[in-house]
Amino acid sequence: MMAVSSACKDGKMGLDNGKYVRYTPEQVDALERLYHECPKPSSLRRQQLIRECPILSNIEPKQIKVWFQNRRCREKQRKEASRLQAVNRKLTAMNKLLMEENDRLQKQVSQLVYENSFFRQQTQNQATLATTDTSCESVVTSGQNHLTTPQHPPRDASPAGLLSIAEETLTEFLSKATGTAVEWVQMPGMKPGPDSIGIVAISHGCPGVAARACGLVGLEPTRAAEILKDRPSWYRDCRTVDVLNVLSTGNGGTIELLYMQLYAPTTLAPARDFWLLRYTSVLEDGSLVVCERSLNNTQNGPSMPPVQHFVRADMLPSGYLIRPCEGGGSIIHIVDHMDLEPWSVPEVLRPLYESSTLLSQKTTMAALRHLRQISQEVSQPTATSWGRRPAALRALGQRLSKGFNEAVNGFTDEGWSMMETDGIDDVTLLVNSSPAKVMGVNFSYPNGFPSMSSAVLCAKASMLLQNVPPAILLRFLREHRLEWADSSIDAYSAAAVKAGPCALPGPRTGGFGGQVILPLAQTIEHEEFMEVVKLENIGHYQEDMFMPADIFLLQLCNGVDENAIGACAELIFAPIDASFSDEAPLLPSGFRIIPLDSKADGSSPNRTLDLASALEVGSAVNKASGDHAAHRGSVKSVMTIAFQFAFEIHLQENVASMARQYVRSIISSVQRVALALSPSPFGSQPSFRPPPGTPEAHTLARWICQSYRCYLGMELVKPSGEGSDSILKTLWHHSDAVMCCSLKALPVFTFANQAGLDMLETTLVALQDIALEKIFDDNGKKTLCSEFPQILQQGFACLQGGICLSSMGRPVSYERAVAWKVLNEEDNPHCICFMFINWSFV
């Protein structure tokens with residue numbers, strides 16, 4: 001780069017001064033036009049340009065070549081300067097944000113020190129008075145009144161009364177967003193930085209549950225506010241928001257009266273609704289504020305009567321503070337503060353309604369991520385994060401999520417009614433005679449004839465799980481459909497949605513050959529992705545009806561990252577046809593797993609002690625990560641299952657029996673898989689567990705080392721103790737990158753040690769998304785193709801050093817590599833193992 005830059009100074013690139021001809025403005029304009037058509041012309045093309053442009057006839061071809069080289073150099077420098085300016089603006093804004101956060105934390109520390117001193121003084125006074133007088137009650141009462149939030153005086157429903165409530169809401173919201181009205185603690189696992197989602201915190205010791213986030217987005221304040229106010233477009237748990245009245249204020253603001261409904265996340269609790277006042281205004285410094293609060297009897301404002309099947313929840317002052325950022329974009333502060341009335345749900349589910357972490361994941365961070373997604377689509381319209389049609393794909397994802405939520409909740413106003421049980425209450429059946437409402441489209445044949453599938457049945461259930469990380473279980477369900485699904489049911493569902501009339505599943509002449517997952521799109525932070533699942537070789541499922549050999553499902557996954565604390569994991573899918581039309585009917589089914597452990601909020605008063613205990617002598621990082629993994633492994637969670645079936649109305653009883661048995665078989669399969677995936681009671685480390693689909697980690701480690709010894713005649717590792725546990729630990733900490741790939745037509749990685757994960761810049765969970773060929777450059781692919789037959793026949797191969805790529809696209813050099821075939825207990829090939837020796841990032 002420096003050599004090119006120095007050559008750019010004189011613009012001659014070694015030309016003889018006597019032959020150099022200065023360009024006229026007309027010649028420069030002509031060259032610029034040619035550059036935009038072809039920035040890097042070949043020698044023949046340059047000669048052709050001189051012939052086609054007489055104005056360049058006095059310029060030597062070599063000088064033309066130098067001009068294009070210099071022009072490309074300037075273009076590259078311009079783009080790099082623009083990129084660095086954008087990065088600098090982002091870092092400047094983030095620095096400002098961090099400084100403000102630091103000031104807020106300093107104020108919070110000062111307030112806590114003051115309160116601590118106050119309580120200490122009150123305790124001393126109480127102890128003194130207790131020895132001399134029994135009238136200390138008045139002292140304690142005065143101290144409590146000092147900390148109690150004053151009650152708001154009643155107001156009327158006039159514009160002046162509503163404006164008074166709005167201004168008070170604004171003040172309280174700003175005190176939470178930028179002040180010390182709530183004690184905020186850092187969200188577990190969320191570290192602020194230039195490339196992070198932002199600064200995320202959850203509440204400690206305040207009424208209800210609260211979460212706070214602040215970050216940068218590349219949208220103007222008005223556009224960001226418009227997106228955030230359209231809550232159903234980004235908040236998957238929001239069923240509807242109705243604006244019932246709008247008032248303009250004298251200061252240019254707007255007051256709206258809203259009625260909002262939220263879905264219940266499980267079948268075990270009722271849904272929530274809110275009666276809200278929303279106030280939109282502009283502050284003196286130009287910041288845009290959108291704040292909300294519930295209207296209740298305290299304010300004596302306009303009332304909204306209770307709605308059947310909903311529990312009226314309370315939103316404390318919450319909202320969005322959006323400030324314009326120098327150079328474009330906005331700095332956004334988000335506060336969500338709710339009282340979700342946990343008394344109305346079974347005690348085992350109350351952590352769902354008392355978890356600030358869950359509120360942060362599902363609401364606060366979802367809002368910020370949605371803004372960042374829209375911002376990237378606007379700034380990089382050709383980016384592939386959500387494909388070429390981001391709005392259409394997001395709409396499909398919203399339809400899948402909404403359809404699943406409707407199935408879980410089964411609202412009567414959508415046409416759902418409950419069927420009688422068979423005496424066992426483990427599975428609930430609902431029926432809806434209006435499939436158009438359920439699917440959100442005109443449910444008819446492609447040829448225009450009305451469908452005979454005149455109803456939809458939903459079978460749903462919820463179950464409690466112990467000691468199974470939700471992300472691990474969901475990933476297994478996604479990648480191993482054969483373990484729980486019935487291909488005849490899949491074929492029946494696809495036929496009912498796409499073809500209309502069909503009978504119940506009968507004897508099959510074909511089988512379930514497997515599934516192929518075709519990635520479709522993902523969000524910029526990979527927390528959610530959409531894919532098409534191809535179920536192969538389904539074949540006939542009924543003698544008098546032919547089904548295509550393959551069936552396609554549109555599938556939405558989120559929460560599969562096991563490092564996302566408190567995240568809800570979902571796997572939602574619906575049959576589609578090959579045309580994949582945006583308006584195709586969707587009948588979503590799937591799974592939702594939500595952690596129940598309220599301690600994940602980090603709201604323990606002893607959190608400082610917990611942090612200090614992680615810094616004891618020894619490997620602090622390993623200890624902390626091990627404790628964290630152990631904590632995740634011991635978490636309780638609730639799993640909700642909902643499957644929908646379109647059918648002909650006269651087959652209702654038969655379909656109900658089939659659906660009930662099918663969901664019960666799924667529950668049984670999930671329980672079996674959960675038991676297999678739960679941590680071993682004999683002290684196995686969760687951090688060493690491979691992704692689902694591979695053998696148990698200790699067994700795989702033993703197979704790898706035995707096969708290495710068999711084919712190469714030497715030991716791969718020298719265990720420090722006896723047993724497979726020692727082999728696994730030694731292999732895990734091996735300095736060279738060791739990784740296994742499957743023996744499929746398109747090999748993918750199934751296991752890697754810590755060095756292998758570092759080299760690929762991935763995690764054990766995400767490892768299975770990486771294909772073997774993706775990490776090699778062209779030379780590496782040629783070498784691999786030539787050596788792969790030798791590995792399978794001879795059992796091993798030694799590869800020369802080269803360059804490969806991490807999952808993030810970074811080049812990695814390695815001195816040499818060894819590949820060998822891994823055999824199982826029956827001496828059958830299980831996988832191929834690679835070891836990259838002396839690797840480093842280039």
Side-chain angles (χ1 to χ4, degrees), residues 100-101 103-119 122 143-152 165 168-188 190 198-214 262 272 274 276-277 289 291-296 298-299 311-321 333-345 350-365 367 565-566 597-608 610:
E100 292 175 352
E101 181 70 4
D103 291 341
R104 190 193 64 79
L105 291 174
Q106 292 289 348
K107 293 178 182 177
Q108 183 170 320
V109 168
S110 300
Q111 180 172 332
L112 291 173
V113 170
Y114 170 77
E115 290 180 1
N116 182 54
S117 175
F118 174 79
F119 279 120
Q122 291 295 326
Q144 291 175 341
N145 290 337
H146 174 75
L147 298 173
T148 301
T149 303
Q151 293 294 321
H152 305 294
I165 299 174
E168 189 175 83
T169 303
L170 173 63
T171 301
E172 293 186 31
F173 159 67
L174 291 176
S175 67
K176 296 176 185 179
T178 61
T180 59
V182 172
E183 181 185 351
W184 301 107
V185 295
Q186 183 175 316
M187 174 82 167
M190 295 295 297
I199 304 171
V200 184
I202 54 178
S203 63
H204 167 59
C206 73
V209 290
R212 173 181 176 270
C214 47
L262 300 185
R272 264 53 182 164
F274 297 81
L276 302 172
L277 178 145
V289 179
C291 56
E292 297 173 316
R293 81 171 314 149
S294 287
L295 289 173
N296 50 43
T298 302
Q299 283 82 31
V311 171
R312 182 63 49 83
D314 188 25
M315 179 181 290
L316 287 74
S318 307
Y320 318 104
L321 169 62
H333 297 255
I334 302 175
V335 172
D336 290 297
H337 193 176
M338 300 181 183
D339 183 349
L340 296 172
E341 304 294 343
W343 57 266
S344 63
V345 301
R350 289 181 186 175
L352 292 184
Y353 298 83
E354 298 172 339
S355 170
S356 295
T357 299
L358 191 61
L359 177 71
S360 176
Q361 290 279 359
K362 298 181 70 174
T363 310
T364 316
M365 293 170 61
I565 310 300
D597 193 357
S598 59
K599 295 180 181 179
D601 281 358
S603 56
S604 169
N606 298 323
R607 60 190 182 279
T608 305
D610 296 339

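Atoms CD1 and OG, from I202 and S355 in turn, are 7.0 Å apart once rounded to the nearest 0.5 Å. For the atom pair CG of L276 and CE of M315, the computed distance is 5.0 Å after rounding to the nearest 0.5 Å. Separation of atoms CG (L340) and CG (L352) is listed at 10.0 Å; rounding is to 0.5 Å. Note that OG1 of T363 is 5.5 Å distant from CG of D336, once rounded to the nearest 0.5 Å. Note that OG1 of T178 is 8.0 Å distant from CZ of R212, once rounded to the nearest 0.5 Å. Atom CD of E341 and atom CG of D314 lie 7.0 Å apart (nearest 0.5 Å).
Contact of the L262 side chain with the F274 side chain is registered, since non-hydrogen atoms from C-beta on lie closer than 4.5 Å. Using a 4.5 Å heavy-atom threshold, the side chains of L316 and K176 count as touching. Residues E292 and T169 have side chains not in contact (no heavy-atom distance under 4.5 Å, counting atoms from C-beta outward). Within the 4.5 Å cutoff, side-chain heavy atoms of M187 are placed close to those of T357.
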Go through E168 and R293 one step at a time and tell me if the salt bridge (Lys or Arg N to Asp or Glu O under 4.0 Å) criterion holds.
-> CA-CA 10 Å; E168 189 175 83; R293 81 171 314 149; 3.7 Å; yes
Could you give me the CA-CA distance, side-chain angles and deciding distance for S344 and R272, then say whether side chain to side chain donor-acceptor pair (under 3.5 Å) is met?
-> CA-CA 10 Å; S344 63; R272 264 53 182 164; 2.4 Å; yes
Give the intermediate values and the outcome of side-chain contact (heavy atoms from CB on, under 4.5 Å) for residues I334 and C214.
-> CA-CA 6 Å; I334 302 175; C214 47; over 6 Å; no
Decide yes or no on side-chain contact (heavy atoms from CB on, under 4.5 Å) for L295 and I165, but give the supporting numbers first.
-> CA-CA 9 Å; L295 289 173; I165 299 174; 4.1 Å; yes
Begin with the C-alpha distance, continue with both residues' side-chain angles, and end with the deciding distance and a verdict on side-chain contact (heavy atoms from CB on, under 4.5 Å) for H337 and F173.
-> CA-CA 9 Å; H337 193 176; F173 159 67; over 6 Å; no
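The minimum heavy-atom distance between A313 and S294, with the atom names listed, is O-OG, 3.9 Å. Contact detail for S203 and S356: the closest heavy-atom pair is OG-OG, 3.1 Å. Looking at every heavy atom in both residues, Y353 comes nearest to P342 through CB-CB, 3.9 Å.
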